[in-house]
Every structure is written in structure tokens, then in C-alpha cells.
Amino acid sequence: MGGMGRRRERAPEPGELPKGQQVRIHGLKSAATHNSKIARVTKYDPSKGRYTVELVGEDNSLSVKRENLQQIVSGCRLEGLTGSAQLNGQQCTIIGFDPAKKRYMVAVGSNPSTAKHMGVKTINVRLPTNTSVRVEGLQSAAAQSLNGTYGTVTSFDESSGRYVVKLKSGTKKLKPENVVA
């Protein structure tokens, strides 16, 4: 009987960071020395709501809440820039997020050593499919309960200018300013 005794892989939850996802740690208080370090997700424990991450270049792992992880997202595209319009259509990688300014820190270009680093509004970065996002800034009484929840981008609807995001509660179309990678 093949397969007996093997544990089944559980299906990932909407918004769950996948195993192997590169992240930057931030906002830790008791282990603040690890803030700004790069790590890779090794597993997620839904019962604890924590990710186990392995620090890159170190023989050390941590158990961290999702809100203390900024995923590093490659395959993004710049669009709608006015001050640096020549960069529209360029590929970029999200390397951070400034919540006070609501801007991603991105690296523009494929070579990390020569990439241009700049802050860009969330509405000027097109996220690729399968990106984990946090919902924020929804104003209507019916939608406010979604703020702070996580989902996964399944597509971008060009006609409405909205991301199609799979949430635990179902699929929603959300404006770019209402999702943060």
C-alpha cells in the first residue's frame, strides 16, 4: 500500500507565504537584532499563526508573525510614474515597504549590484500573480472587516483596474491602493 504513513501536505491558506519565499524581517521587539535581516520561509504553523524562517547566511531560524515579514517580490512592473516616466514598463523587485509613506522600496533592473533603488507608491507597482497581500484602507462598513486580512493575487482585471484577490472569505476585486505585498 503505497503512501501509507506519509503525512499529507495541507493546502495553503489564501495569503500564506510559500515555503522558500524570501522575506525581510522587521518590527521585532524582543529580538530586534534580527530586524532588516533577509530570511527564507521554511514552514507555516496555522495553529500558531507563525512562520519559521531561516536567516540567510546564518545557521539560525526564528518563529515570526506574518506582520513582521516583508516578502521580497520579484517580477513586478512599474507603471503610471510621472516623475520618472522613462521607468514605466520596467521590471522591479519589492525589497521593502514604508507604511508611513505607503510606498514600496523597489530595486529597478535585473542586476542587484547595479539596480536603482527608489520609493514608489503602491499604485505604481503591478504585482505578479500568486503574491501574498494584506488588505488595507477599505472604507465601506461592509468591507472594513477585511482590513488587516491576507489574500493571494490571482490576476489583475484591466477593465476595472483592480486586483482579483483570493481571501478566506471568498474572491474580491480590490484597488491597487488597498493591497500591500
Side-chain angles (χ1 to χ4, degrees), residues 1-77 91-99 103-113 115 117 119-120 122 125-136 146-156 163-172 174 178-181:
M1 299 253 179
M4 290 190 68
R6 280 193 229 159
R7 278 182 30 168
R8 282 194 153 168
E9 287 289 319
R10 116 190 124 66
E13 297 176 2
E16 184 177 320
L17 295 171
K19 182 178 179 179
Q21 173 68 53
Q22 196 172 38
V23 294
R24 182 180 306 275
I25 299 169
H26 66 89
L28 297 179
K29 292 181 178 55
S30 63
T33 57
H34 297 299
N35 288 333
S36 297
K37 290 185 178 179
I38 303 296
R40 287 203 184 277
V41 171
T42 57
K43 70 178 179 176
Y44 175 65
D45 184 343
S47 67
K48 294 180 181 177
R50 290 182 170 263
Y51 289 88
T52 301
V53 297
E54 188 174 280
L55 299 170
V56 173
E58 297 183 30
D59 188 23
N60 194 7
S61 62
L62 301 170
S63 177
V64 184
K65 293 178 185 174
R66 174 63 174 93
E67 57 263 26
N68 297 115
L69 299 173
Q70 168 63 56
Q71 66 186 314
I72 296 173
V73 184
S74 57
C76 300
R77 189 177 75 237
Q91 294 288 313
C92 67
T93 299
I94 296 173
I95 56 174
F97 180 70
D98 183 340
R103 291 178 180 260
Y104 291 121
M105 185 55 119
V106 299
V108 182
S110 57
N111 184 342
S113 62
H117 292 84
V120 181
T122 57
V125 177
R126 176 72 58 88
L127 302 171
T129 58
N130 297 318
T131 300
S132 172
V133 293
R134 184 181 68 252
V135 179
E136 65 174 36
L146 295 176
N147 289 331
T149 62
Y150 291 89
T152 303
V153 172
T154 60
S155 64
F156 187 81
Y163 289 105
V164 179
V165 179
K166 182 178 181 184
L167 303 164
K168 285 183 184 179
S169 60
T171 300
K172 302 284 184 210
L174 299 169
N178 294 126
V179 298
V180 175

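Values reported hereafter were calculated over all heavy atoms of this structure, with side chains retained and with hydrogens, waters and symmetry mates removed. Along the sequence shown, the residues carry numbers beginning at 1.
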Legend entry - Nearest non-hydrogen partners of Thr131 and Pro128, listed with the distance: OG1-O, 2.7 Å
Legend entry - Any His34 side-chain heavy atom under 4.5 Å of Asn60 side chain: yes
Legend entry - Residues which pass side-chain hydrogen bond (donor to acceptor under 3.5 Å, both in side chains) with Ser30, listed by chain and number, not counting sequence neighbours: none
Inset, instruction - Could you tell me whether a side-chain N or O of Ser63 sits under 3.5 Å from a main-chain N or O of Thr52, the two making a donor and an acceptor? - result: no
Legend entry - Distance in Å, Glu54 CD paired with Ser61 OG, rounded so as to fall on 0.5 Å steps: 7.0 Å
Inset, instruction - For Arg134, enumerate each residue passing the salt bridge (charged side-chain N to carboxylate O under 4.0 Å, His left out) test, keeping only those at least two apart in sequence or located in another chain. - result: Glu136
Inset, instruction - Would you indicate whether the side-chain heavy atoms of Val165 and Val179 approach each other to under 4.5 Å? - result: yes
Legend entry - Phe156 six-ring face occupied by Arg126 cation (under 6.0 Å, within 45°): yes
Legend entry - Sub-4.5 Å side-chain heavy-atom contact between Arg77 and Val125: no
Legend entry - side-chain contact (heavy atoms from CB on, under 4.5 Å) involving Thr154 - partner list, sequence neighbours excluded: Val164, Lys166
Inset, instruction - Taking the side chain as every heavy atom from C-beta outward, state whether Leu17 and Val23 have any pair of such atoms under 4.5 Å apart. - result: yes
Inset, instruction - Mind checking side-chain contact (heavy atoms from CB on, under 4.5 Å) for Asp59 and listing every partner two or more places apart, or none if nothing turns up? - result: none
Inset, instruction - Please assess Leu55 against Leu62 for the test side chain to side chain contact (heavy atoms under 4.5 Å, CB included), listing each intermediate value before the final yes or no. - result: CA-CA 8 Å; Leu55 299 170; Leu62 301 170; 4.2 Å; yes
Legend entry - Between OH on residue Tyr150 and CG on residue Leu167, distance to nearest 0.5 Å: 12.5 Å
Inset, instruction - Can you run down the salt bridge (charged side-chain N to carboxylate O under 4.0 Å, His left out) pairs that involve residues 13-41, sequence neighbours left out, and say none if there aren't any? - result: Arg10-Glu16, Glu13-Lys168, Lys37-Glu58
Inset, instruction - Please list, chain by chain and in numerical order, all residues satisfying side-chain contact (heavy atoms from CB on, under 4.5 Å) with Ser36, sequence neighbours excluded. - result: none
Inset, instruction - Please confirm whether the backbone N or O of Arg103 pairs with a side-chain atom of Thr122, one donor and one acceptor, at under 3.5 Å? - result: no
Hey, can you pull the donor-acceptor pairs under 3.5 Å for the side chains in residues 64-75, sequence neighbours left out?
| unit_1 | atom_1 | unit_2 | atom_2 | d |
| --- | --- | --- | --- | --- |
| Arg66 | NH1 | Leu69 | O | 2.8 |
| Arg66 | NH2 | Ser132 | OG | 3.3 |
| Asn68 | ND2 | His26 | O | 3.0 |
| Asn68 | ND2 | Gly27 | O | 3.3 |
| Gln70 | NE2 | Ala181 | O | 3.2 |
| Gln71 | NE2 | Ser132 | O | 2.3 |

Inset, instruction - Check whether any side-chain heavy atom of Leu127 lies under 4.5 Å from a side-chain heavy atom of Tyr104, and answer yes or no. - result: yes
Inset, instruction - Indicate yes or no: at least one non-hydrogen side-chain atom of Val106 is less than 4.5 angstrom from one of Ile95. - result: no
Legend entry - Min side-chain heavy-atom separation Pro18-Pro12 under 4.5 Å: no
Legend entry - side-chain contact (heavy atoms from CB on, under 4.5 Å) partners for Asn35, two or more places apart: Ile25, Leu28, Ala32
Legend entry - Straight-line distance of Leu146 CG to Leu174 CG, nearest 0.5 Å: 7.5 Å
Inset, instruction - Name all pairs fulfilling the ring-ring contact (aromatic ring centres under 6.0 Å, His included) condition that reach into residues 48-71, sequence neighbours left out, sorted by first residue then second. - result: Tyr44-Tyr51
